[in-house]
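Lettering follows sequence order; numbering is per chain, from 1. Hydrogens, waters and symmetry mates play no part in the numbers below; they use all other heavy atoms, side chains included.
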2 protein chains.
Amino acid sequence: MAVTGELHDTVAARLQQGDSRYTRHRRALIEVLRVAKQPMTIAEILAVATDLPQSSVYRNLAVFEETGLVQRLVGAGDFGRFELAEDLLGHHHHLVCSSCGSMLDVELPAELEAELERALATLARRKRFQLHAHRLDLVGLCRDCAAAGRAS
Amino acid sequence: MAVTGELHDTVAARLQQGDSRYTRHRRALIEVLRVAKQPMTIAEILAVATDLPQSSVYRNLAVFEETGLVQRLVGAGDFGRFELAEDLLGHHHHLVCSSCGSMLDVELPAELEAELERALATLARRKRFQLHAHRLDLVGLCRDCAAAGRAS
DNA sequence: ATGAGTGCAAAGGCTTTGCATTAGG
DNA sequence: CCTAATGCAAAGCCTTTGCACTCAT
């Protein structure tokens, strides 16, 4: 969505609106998420950014989540995974590997996505549900795990 | 899907295949899930079945999950929710309330469901992903929370 | 300056486990 | 009978917090 350079400006601006500061650690955290090809667990983030103290990561992810800059997902394992929010990354869905727990971003064909949205809106209306968003995950084995032949 | 009476037989049979027993507690747990109109958290289960010790609930849900009789879901809050597996309950999706965390089962129009499945299969093939299942959640405000006007 | 952010370590809270006991088949 | 299941309480583990210090604006 936003160009690499723009991202940090967007984040900075959004944070300042809430009297929050865009500190070195926060910048590093956003950078980790930007570079990642997939939603990350906190453990993964800590492994990559060894200089970030655990508590800062937890606290800043919470701040980002409240600010709507980052969203928490849940894949196959039991841990949450974090990625940049959809308005920064664009709407998409996930390939969730039930063997290794990885999550990969994918986009639906625009046509289907549009039809799905229409249908869900209708369904929500019928159920008196105030629809804000939808999540669609494909669950199965990622390329690597399928090749490795493990089925767990 | 299965008629009420059949359910317990099905569960019993499935458990016996794995050298597991269908005990009083397990029966009670399945019954709680059967009666529930929506996926339940462990706290909710414990509140309803006050005679079930916590550790039994945890252990038995784990057993059921491994046996494929129950599946764990994650809604809006941070807790897992449990419901009978799809082959017992039928394929469906969820209305997830981001205010109160409740989850309600819903079915997609069969036509759309079929088309969605076709499209996802194609997508998976293209990504070399071995698709086993999909999850689709509608996120927003349930009828009650929307009426109450709370937006959190 | 001056309050948000940080860092360490302690506290918290849900979940899992150990072990002796009970009960299902 | 023999092994799985149970129940209590202890142990685990990820996450959250308290508090004094530091840095961004």
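The separation between B/Leu61 atom CG and D/dT6 atom P is 11 Å, rounded to whole Å. Distance, B/Asn60 CG to C/dT15 P: 15 Å, rounded to whole Å. The CD1 atom of B/Ile45 sits 14 Å away from the C1' atom of C/dC14 (whole-angstrom rounding). To the nearest angstrom, C1' of D/dT16 lies 13 Å from CD of A/Glu66. At whole-Å resolution of the value, CG in B/Asp78 and P in C/dT15 are 11 Å apart. Rounded to whole Å, the distance from OH on A/Tyr22 to P on C/dT6 is 12 Å. Between the CE atom of B/Met40 and the C1' atom of C/dC14 there is a distance of 17 Å, rounded to whole Å. Rounded to a whole Å, the CG atom of A/Leu46 is 14 Å from the P atom of C/dT6.
Not less than 6.0 angstrom separates the ring centroid of B/His134 from the ring centroid of B/His132.
Comparing B/Tyr58 and A/Arg21 along DNA chain C, the residue whose closest nucleotide (by nearest heavy atom) sits nearer the 5' end is A/Arg21. DNA chain C is contacted by both A/Ser20 and B/Gly80; A/Ser20 maps to the nucleotide lying nearer its 5′ end (nearest heavy atom per residue). Comparing B/Asp19 and B/Arg59 by the nucleotide of DNA chain D whose heavy atom lies nearest to each, the residue mapping closer to the 5' end is B/Asp19. Of the residues near DNA chain D, B/Asp51 and A/Ala43, the one whose nearest nucleotide (by heavy atom distance) lies more toward the 5' end is B/Asp51.
Within 3.5 Å, no donor on the side chain of B/Arg27 pairs with an acceptor on the base of C/dG24, nor the reverse. With hydrogens and angles left out, the side chain of B/Arg26 and the base of C/dG24 share no donor-acceptor pair within 3.5 Å. No hydrogens or angles were tested; on distance alone, nothing pairs the side chain of A/Arg24 with the base of C/dG5 as donor and acceptor under 3.5 Å.
A salt bridge is absent between B/Asp51 and B/Arg24; no separation between the charged side-chain nitrogens and carboxylate oxygens falls under 4.0 Å. Under a 4.0 Å N-O distance rule, the pair A/Arg34/A/Glu31 qualifies as a salt bridge.
Remark: the backbone N or O of B/Pro39 is paired with a side-chain donor or acceptor of B/Arg81 at under 3.5 angstrom.
For C/dG24, neither phosphate oxygen OP1 nor OP2 lies less than 4.0 angstrom from any side-chain nitrogen or oxygen of B/His25. Side-chain nitrogen and oxygen atoms of B/Ser56 include at least one within less than 4.0 Å of the OP1 or OP2 phosphate oxygen of D/dG7.
Across all strands, B/Ser55 comes closer than 4.0 Å to base atoms (heavy-atom distances).
A side chain to side chain donor-acceptor pair (under 3.5 Å) with B/His92 holds for exactly one of B/Glu107, B/Glu113, B/Glu83; it is B/Glu83.
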